[in-house]
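In what follows, a single structure is set out as structure tokens and then discussed.
Counting starts at 1 for both ligands and their atoms, in listed order. Keep in mind that the numbers below use all heavy atoms, side chains included, and drop hydrogens, waters and symmetry copies. The model shown is predicted, which means the values in this text are computed figures rather than measured ones.
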Amino acid sequence: MTENRIHPHLVLSRQGRVSELRIDRQEALGALNLDIMQALRRFASSLRSDPDCRVLILTGTGKGFVAGADISGYHGASQAEFDGFQRMSRETFDAFASLPQITICAVNGYALGGGFELALCCDFILVSEKAKLGLPEIKLGLLPGGGGTQRLTRLVGRMRAKELILTGRFLSAVEAVEMGVAIRAQPPDGLMDDARGLARQLAEQAPLALAEGKRVIDDGVEAPLATALTFEQRVLGGLFASEDGREGIAAFIEKRPPEFGASTSVAETKAETATAKERHG
Ligand code: CO8
């Protein structure tokens, strides 16, 4: 796997339909400054129109995944600079959360503040047994501003989110799994194998169903149940009419492995989802 440094602190590699982006700023435990935030946003915008990538693994380097926003950048910043940083971080986090590809965050170490919030923008979180996750902004007299108060609350419920946000305490890997923040924990040297195994498993699925599955769950959970159930059936109807759907059923009947459309891009899929939503109203 060849590595391509797309930014002084971002390393990109690719294996088949799976891309890996590694944040590499060990001297600050991966802390995100404005420049890295912008580079992450640019990366997410280019990835979303890459039809050959179906899964993204996001990870860090050494003992930090991302220990938050770069606090040194806050020190002495004007209100306008701070507001600008907030706007940029919102764009970056939204760009990751809305990627059509499936995203796996392999949390190798500290995922704090903006680091935890970035992980929360991913579809799956896997953790190293050494990982520590938390939203410690309250200790700076602040609160999370990268979606933490909302995405964490939607994942674990109000009471647990308040306990974490209002005390700023860190979760261990075991607690993160117990709380449903992460799927599972691995010894540090097994984390990337686990992430790559999951990524391969996902990348082998029917591409249209993969992207639609992500969309229908993410969009549906924000809608009233009746609306979401109608949306689910529209999406399924679209998949039944698709080449992949026909091929999957035919392959089962003919007792052979399915050959799903390699050329179906996630970008096309997203357009179909939008159309399905429009039809639904
Ligand atoms: N920003 C800048 N530098 C950092 C950060 C950070 N967030 N975290 C660690 N570093 C630096 C340290 O300053 C240190 O640098 P140096 O060696 O030059 O002194 C180096 O990384 C190593 O850190 P430590 O020596 O502190 O390592 P320890 O193992 O002793 O401690 C900790 C590790 C517990 C992770 C500790 O470094 C720490 O508490 N870091 C700060 C964590 C934090 O508060 N994060 C939240 C930041 S606020 C935020 O993320 C808000 C995001 C909102 C989204 C954007 C909207 C505006």
Scan the protein's non-hydrogen atoms and note whether one is under 4.0 Å from [atom].
atom: atom 45 (N) of ligand 1; value: yes
atom: atom 26 (O) of ligand 1; value: no
atom: atom 38 (C) of ligand 1; value: no
atom: atom 29 (O) of ligand 1; value: yes
atom: atom 21 (O) of ligand 1; value: yes
atom: atom 12 (C) of ligand 1; value: no

Report, in ascending order of atom number, the atoms of ligand 1 lying under 4.0 Å from any heavy atom of [X].
X: Gly146; result: 53 (C), 54 (C)
X: Gln86; result: 57 (C)
X: Phe85; result: 55 (C), 57 (C)
X: Ser89; result: 55 (C), 56 (C)
X: Gly68; result: 50 (O)
X: Gly114; result: 49 (C), 50 (O), 52 (C)

Taking the basic N atoms (NZ, or NE/NH1/NH2) and the acidic carboxylate oxygens, is any pair closer than 4.0 Å for [X] and [Y]?
X: Arg158; Y: Glu163; answer: no
X: Asp218; Y: Lys214; answer: no
X: Lys132; Y: Glu175; answer: no
X: Asp50; Y: Arg14; answer: yes

Among all protein non-hydrogen atoms, which one is nearest to [atom], and what is the separation to 0.1 Å?
atom: atom 2 (C) of ligand 1; result: Asp70 OD1, 3.2 Å
atom: atom 41 (C) of ligand 1; result: Ile71 CD1, 3.9 Å
atom: atom 8 (N) of ligand 1; result: Ala67 CB, 3.5 Å
atom: atom 35 (C) of ligand 1; result: Leu112 CD1, 3.5 Å
atom: atom 36 (C) of ligand 1; result: Leu29 CD1, 4.7 Å
atom: atom 15 (O) of ligand 1; result: Glu27 O, 3.9 Å
atom: atom 53 (C) of ligand 1; result: Glu117 OE1, 3.5 Å
atom: atom 10 (N) of ligand 1; result: Ala28 O, 3.8 Å

Backbone or side-chain N or O of Lys63 under 3.5 Å from ligand 1 N or O: yes

Geometric N/O contact Ala31 with ligand 1, under 3.5 angstrom: no

Residue pair His9, Asp35: steps toward the side-chain hydrogen bond (donor to acceptor under 3.5 Å, both in side chains) verdict: CA-CA 10 Å; His9 297 300; Asp35 191 49; over 6 Å; no

Partner set under ring pair (Phe, Tyr, Trp, His ring centres under 6.0 Å) for Phe82, not counting sequence neighbours: Tyr74

Shared hydrophobic cluster, Leu191 / Val55 (ILVMFWY, side-chain heavy atoms < 4.5 Å): yes

Same cluster (ILVMFWY, side-chain, under 4.5 Å), Leu40 and Leu29: no

From Glu20 atom CD to Arg196 atom CZ, the distance as rounded to the nearest 0.5 Å: 4.0 Å

Sequence neighbours excluded - side chain to side chain donor-acceptor pair (under 3.5 Å) pairs with any residue from residues 111-121: none

Test item, Pro136 contacting ligand 1 (heavy atom, 4.0 angstrom): yes

Structural part of Ala69 in contact with ligand 1, heavy atom criterion under 4.0 angstrom: both

Part of Lys139 within contact of ligand 1 (heavy atoms, under 4.0 Å): neither

Worked check of salt bridge (charged side-chain N to carboxylate O under 4.0 Å, His left out) between Glu204 and Arg17: CA-CA 9 Å; Glu204 282 165 9; Arg17 299 187 184 284; over 6 Å; no

Side chain proximity check, Leu47 to Cys53, heavy atoms < 4.5 angstrom: yes

With Leu120, the side-chain contact (heavy atoms from CB on, under 4.5 Å) member among Arg151, Gln150, Arg154: Arg151

Identified side-chain contact (heavy atoms from CB on, under 4.5 Å) partner of Arg25 from the options Leu32, Asp70, Val66: Asp70

Test item: Thr149 side-chain N/O and Gly145 main-chain N/O as donor-acceptor pair under 3.5 Å: no

